[in-house]
S.K.: 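Take a look at the following structure, please.
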Amino acid sequence: AQKVTQAQTEISVVEKEDVTLDCVYETRDTTYYLFWYKQPPSGELVFLIRRNSFDEQNEISGRYSWNFQKSTSSFNFTITASQVVDSAVYFCALRDNAGNMLTFGGGTRLMVKP
Amino acid sequence: DTGVSQNPRHKITKRGQNVTFRCDPISEHNRLYWYRQTLGQGPEFLTYFQNEAQLEKSRLLSDRFSAERPKGSFSTLEIQRTEQGDSAMYLCASSSPRERAYEQYFGPGTRLTVT
């Protein structure tokens, strides 16, 4: 069975602070994919990034960066110089190689205060 | 490309009534997924279709729930004899084998409130 754990249910920061959202996963598959989605108050899930299990290279996209560590089964997400518009619920998700269901974590609600 | 659309966006119904939701995937996406999200939780997988075939169903999909995708395009999710516990956001997603890793694109969801 697959499982995703986001231990931080809620984080509050002041604008311009850096913030890291943690994600730990469990799977028996050797090939799998990890995702981060953003869910703003409007409710629609917005895709942010996908990593496959064979690619441990960290990625940076503007103020966003992701740290994938297979040894600790973690896929953490860092926002640098946070902005109020970053306020949302962020979900980490895991998918097997067959491309079927996504297993989501419980989400982390990020509040960025001005 | 207009994205995944879902209708209605909101539905309020009384306990015991039947409701039906519709999902229109991105055109030419052959896979379509349904998820349910309750307040404060992550989405949970319900079922998915490849073309018109329903290939997997979660144990969350009780016999009061039925999903169809008759022509391999849009899909409907029906809930019979609704219960208050069915109140949730119902999310639809679609994907294509041409997209790397069958990336799933989500619609805006249908929020169901059972009173």
Side-chain angles (χ1 to χ4, degrees), chain A residues 1-10 21-25 27 29 31-55 59 68 75 77 88-111, chain B residues 2-6 8-11 23 26 29-51 53-61 67 88-113:
Chain A
Q2 299 186 324
K3 185 179 178 182
V4 177
T5 301
Q6 294 180 254
Q8 305 148 309
T9 55
E10 202 166 289
L21 310 181
D22 298 333
C23 172
V24 174
Y25 63 92
T27 180
D29 294 329
T31 302
Y32 52 88
Y33 294 84
L34 295 161
F35 300 80
W36 276 95
Y37 285 86
K38 174 181 180 180
Q39 189 173 46
S42 61
E44 189 163 345
L45 282 166
V46 178
F47 165 80
L48 295 178
I49 190 171
R50 171 195 63 247
R51 304 301 283 172
N52 72 48
S53 52
F54 295 108
D55 183 2
E59 184 160 339
F68 175 31
F75 184 44
F77 173 29
V89 181
Y90 291 85
F91 291 99
C92 180
L94 170 67
R95 209 210 68 211
D96 62 20
N97 193 37
N100 303 337
M101 54 179 269
L102 284 168
T103 299
F104 285 84
T108 298
R109 179 177 298 279
L110 174 64
M111 292 177 291
Chain B
T2 57
V4 178
S5 61
Q6 293 186 247
R9 294 292 308 276
H10 303 274
K11 178 72 176 178
C23 171
I26 294 171
H29 275 196
N30 67 336
R31 289 193 176 186
L32 187 148
Y33 310 79
W34 285 99
Y35 292 83
R36 181 176 73 181
Q37 184 179 19
T38 53
L39 204 60
Q41 304 296 319
E44 295 173 293
F45 171 78
L46 292 177
T47 188
Y48 98 94
F49 293 83
Q50 180 159 305
N51 301 312
Q54 189 173 17
L55 295 186
E56 191 167 343
K57 291 194 289 187
S58 160
R59 65 180 185 278
L60 292 175
L61 211 66
M89 175 80 87
Y90 289 85
L91 295 164
C92 176
S94 69
S95 70
S96 165
R98 284 194 290 274
E99 296 280 349
R100 287 181 60 192
Y102 276 99
E103 195 166 289
Q104 294 181 24
Y105 296 85
F106 283 83
T110 294
R111 183 171 296 283
L112 173 66
T113 302

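Keep in mind the model is a prediction, meaning the values are calculated, not measured.
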S.K.: Going from OH on A:Y33 to CD on B:E103, what distance comes out if it is rounded to the nearest 0.5 angstrom?
M.R.: 11.0 Å
S.K.: Please check if the number of heavy atoms outside A:K38 that lie under 6.0 Å from its NZ is greater than 12.
M.R.: yes
S.K.: Shortest non-hydrogen contact from A:L102 to B:Y35?
M.R.: N-OH, 2.9 Å
S.K.: Restricting to non-hydrogen atoms, name the atom on B:G107 and the atom on A:E44 that form the minimum distance, rounded to 0.1 Å.
M.R.: O-CG, 3.8 Å
S.K.: Does any backbone or side-chain atom of A:T9 lie under 4.5 Å from a heavy atom of chain B? Answer side chain, backbone, both or neither.
M.R.: neither
S.K.: Taking all non-hydrogen atoms of both residues, which atom of A:F91 and which atom of B:Q37 are closest, and how far apart?
M.R.: CZ-NE2, 3.3 Å
S.K.: Is B:L46 close to chain A through its backbone or its side chain, or both, or neither, when contacts mean heavy atoms under 4.5 Å?
M.R.: neither
S.K.: Could you look at B:E56 and say if it's the side chain, the backbone, both or neither that has a heavy atom under 4.5 Å from chain A?
M.R.: side chain
S.K.: Side chain, backbone, both or neither: which part of A:Q6 has a non-hydrogen atom closer than 4.5 Å to chain B?
M.R.: neither
S.K.: Mind checking the NZ-CE spacing from B:K57 to A:M101? Nearest 0.5 Å is all I need.
M.R.: 15.5 Å
S.K.: Hey, could you give me the CZ/CD distance between B:F106 and A:Q39, rounded to the nearest 0.5 Å?
M.R.: 9.5 Å
S.K.: What are the two closest non-hydrogen atoms of A:Y37 and B:Q104, and how far apart are they?
M.R.: OH-O, 3.1 Å
